[in-house]
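Down below is the structure, laid out as structure tokens.
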Amino acid sequence: MTLDEAVECAARDLPPNWTIEISIEQDAACVYLYDPSYNDVGQDSIEPSDGLADQVMKAISIARSQA
């Protein structure tokens with residue numbers, strides 16, 4: 001799956017008021033997941049060494065299971 005496809009899935013499947021943030025800096029990129037209260041809920045489950053598309057899909061899964 002491409003990052004574009006994963007972002008489309010997030011736009012369609014992310015529960016209301018949940019947020020996925022993609023942070024990019026030199027030599028690194030990672031995904032953060034925030035619940036409706038803006039608590040970072042994916043920090044222990046989303047593996048930064050995975051590709052960004054996989055991280056986005058994991059974030060969607062976590063959000064849907066906790067919503």
query: Is Asp35 reaching over with its side chain to a backbone N or O of Ser37, donor-acceptor style, under 3.5 angstrom?
result: yes

field: Straight-line distance of Leu52 CG to Met57 CE, nearest 0.5 Å
entry: 13.5 Å

- prompt: Of the non-hydrogen atoms in Pro16 and Pro36, which two are nearest, and what is the gap between them?
  reply: O-CG, 4.1 Å

message: Name the residue from Ile46, Leu33, Ile22 that meets the side chain to side chain contact (heavy atoms under 4.5 Å, CB included) definition with Gln55.
response: Ile46

- request: Evaluate the side-chain proximity of Val41 to Gln66: yes if any heavy-atom separation is below 4.5 Å, no if none is.
  value: yes

- prompt: Do Ile60 and Ile20 have side-chain heavy atoms sitting under 4.5 Å apart?
  reply: yes

- prompt: Applying the 4.5 Å side-chain criterion to the ILVMFWY set and letting contacts propagate, would Tyr32 and Tyr38 be lumped into a single cluster?
  reply: yes

- request: Work out which heavy atom in Ile62 is nearest to a heavy atom in Gly42; give both atom names and the distance.
  value: CD1-CA, 4.4 Å

message: Does Tyr34 have more than 12 heavy atoms from other residues, nucleotides or ligands lying within 6.0 Å of its OH?
response: yes

Closest approach of Lys58 to Ser45 (non-hydrogen atoms, all atoms of both residues): CE-O, 3.5 Å

